[in-house]
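For the numbers below, each heavy atom of this structure counts, side chains included, while hydrogens, waters and symmetry mates do not. Every chain is numbered from 1 and lettered A, B, ... according to where its sequence line falls, protein lines coming before strand lines.
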2 protein chains.
Amino acid sequence: MAGLTAPLLGLEKKSLREQALSALRTAITSGELEPGRHLVETELSEMLQISRGTLREALRQLEQEGLLSAGPRGRLSVRHLDEKEIRDIYAVRAALESLAARTLCELPDRQHVTESLHQAIDAMTAATGGSLEERIESDLEFHRTLCRLTGNETLLHSWESLEGSIRMSIMFAGLEKGVSNMSVDRHKDIVAAIDTGDATLARKTILEHMDTAAANLVA
Amino acid sequence: MAGLTAPLLGLEKKSLREQALSALRTAITSGELEPGRHLVETELSEMLQISRGTLREALRQLEQEGLLSAGPRGRLSVRHLDEKEIRDIYAVRAALESLAARTLCELPDRQHVTESLHQAIDAMTAATGGSLEERIESDLEFHRTLCRLTGNETLLHSWESLEGSIRMSIMFAGLEKGVSNMSVDRHKDIVAAIDTGDATLARKTILEHMDTAAANLVA
DNA sequence: CATAAGTCGACTGTTTACAGTCGGTAGTGG
DNA sequence: CCACTACCGACTGTAAACAGTCGACTTATG
């Protein structure tokens with residue numbers, strides 16, 4: 001019965017749990033599941049066509065990612081962000097990405113780094129004319145790449161754990177405000193700063209970027 | 001009638017999942033479950049006297065905390081840390097805690113901060129003569145307090161997500177090396193730096209602390 | 001009419017049972 | 001002695017059922 005939900009794609013290696021995870025993440029960060037909404041396990045499991053056990057594993061992960069908050073009696077609801085929390089999230093994000101920028105400057109092989117980042121910039125440029133979602137996606141991909149290129153798995157993992165909260169922040173503030181942070185030129189500045197190899201400059205550039213980004217969101 | 005079975009102190013009644021989580025965390029960070037060890041669900045569920053479903057929820061969380069690594073076919077094993085990973089973990093930790101230090105300096109009510117930190121210092125001092133585990137515990141509690149006092153829930157959450165990896169790093173390097181980082185004086189320096197309100201100084205002090213800590217671990 | 005006790009319903013926490021898949025191993029043939 | 005095949009066992013992924021608890025609603029009672 002559940003075999004016909006989404007099978008005919010050549011790559012069916014994702015577990016149902018991961019599928020549910022993606023589906024829920026999308027539903028939450030797109031606003032389909034509005035903030036504050038109480039989640040009922042039986043309801044969701046039926047909606048997603050998976051068992052409660054499998055669903056609960058996904059919910060634990062979302063809870064830890066900060067997309068869900070637990071109320072009394074273990075009841076989960078979609079997390080609600082206020083302006084302070086958005087600032088807090090961006091403060092942590094800034095700390096992580098400034099570490100990334102510094103690390104990249106001290107890397108021996110900066111050639112590959114530069115190439116990958118320019119590639120990410122190109123993707124952002126290509127998405128300029130696209131939908132808001134596409135632009136957000138390419139922006140996040142740029143910053144994720146920033147963390148990935150450091151080769152610090154822990155850093156990447158921490159950033160990805162924060163990614164859901166970042167998406168919620170953008171969604172919460174309104175996508176229009178969100179995309180205002182996604183100027184391609186701004187990101188070129190970041191790459192340029194890293195290219196110089198000046199860790200202090202790179203860190204400063206990232207921090208300013210994050211600062212204005214957060215300011216735009218809560219404005 | 002059954003409502004008054006466990007009216008203990010502030011201790012909330014913990015779900016089986018949380019109990020299992022604590023038990024597994026302890027088992028891993030204590031080395032009882034040696035790194036690289038394959039975890040068998042049926043084995044663990046019987047050992048912990050809980051069902052596999054409940055166990056799996058706990059395992060997902062531990063996986064996301066970085067204590068477990070997933071192999072092919074979803075097989076979990078206790079994560080193995082090499083020196084680079086320890087350095088990486090401490091780099092992220094340093095980024096988070098330096099943010100904490102800076103934030104604390106900019107806080108309006110630093111009176112309460114100072115009191116709480118001195119209290120944590122006292123706890124460390126009291127633990128000086130205790131076991132290695134106790135000293136590690138009080139050290140981590142100090143740093144956790146550092147993050148908690150910022151009022152930035154996201155920062156605290158990120159730090160706590162890293163805590164398991166930190167514990168593994170210490171365990172991995174050997175507890176003796178680990179406790180060498182736990183000089184009470186060093187921590188007093190941190191508090192003193194925060195007391196001055198000089199964000200730059202506080203950040204610098206923390207970064208140095210983390211730097212030497214990481215260096216000691218991989219030495 | 002207001003309040004307190006009792007009942008109903010819904011939800012989560014937990015357990016048990018089933019299906020699919022992969023790796024290893026024994027057994028057979030060259 | 002080696003290779004190949006077919007079976008066996010272990011483990012994960014998944015589903016369905018059971019139990020306990022809390023809140024809301026109803027009813028009885030002063």
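In this structure, a donor-acceptor pair under 3.5 Å is absent between the side chains of A:Tyr90 and A:Arg87. Under 3.5 Å, the side chains of A:Glu134 and A:Ser138 contain no donor-acceptor pair of N or O atoms. Using modelled atom types, one finds no donor on one side chain facing an acceptor on the other under 3.5 Å when comparing A:Glu115 with A:Gln119. In the model, B:Thr54 has a side-chain atom that pairs as donor or acceptor with a side-chain atom of B:Ser51 under 3.5 Å.
Protein atom CG of B:Leu16 is 12 Å distant from nucleotide atom P of C:dT16, rounded to whole Å. If you measure from atom CG of B:Leu68 to atom C1' of D:dT12, you get 15 Å, rounded to the nearest angstrom. Between the C1' atom of D:dC18 and the CD1 atom of B:Ile50 lies a distance of 18 Å, rounded to the nearest Å. Separating the CD atom of B:Gln49 from the P atom of C:dT14 is a distance of 14 Å, rounded to the nearest angstrom. When the P atom of C:dG13 is taken as reference, atom CG of B:Leu21 falls 14 Å away, rounded to whole Å.
Minimum atom distance to the side chain of B:Ser51 is reached by C:dT14, of the listed C:dG13, D:dT12, C:dT14. In this structure, of C:dT14, D:dT12, C:dT12, it is D:dT12 that holds the atom nearest to the side chain of B:Glu41. Checked against D:dA17, D:dT14, D:dG13, the side chain of A:Arg52 finds its nearest nucleotide in D:dA17. Closest to the B:Arg75 side chain, of the nucleotides D:dC11, C:dT12, C:dT14, is D:dC11. The A:Arg60 side chain lies nearest to C:dG13 when the options are C:dC11, D:dT12, C:dG13. Of all nucleotides listed (C:dT14, D:dG13, D:dC22), D:dC22 comes nearest to the side chain of A:Arg73.
Within 4.0 Å (heavy atoms only), A:Gly74 reaches sugar-phosphate atoms of the nucleic acid but no base atom. Among the heavy atoms of the strands, none lies under 4.0 Å from B:Leu55. Among the atoms of the strands shown, none is found under 4.0 Å from any heavy atom of B:Leu76. Residue A:Arg56 is classed as a base contact, given a heavy-atom separation below 4.0 Å to a base.
Between A:His209 and A:His143, the two ring planes are parallel [angle under 30°; tilted spans 30° to 60°].
Across the interface with DNA chain D, nearest-nucleotide mapping of B:Glu43 and A:Glu57 shows B:Glu43 to be the residue nearer the 5′ end.
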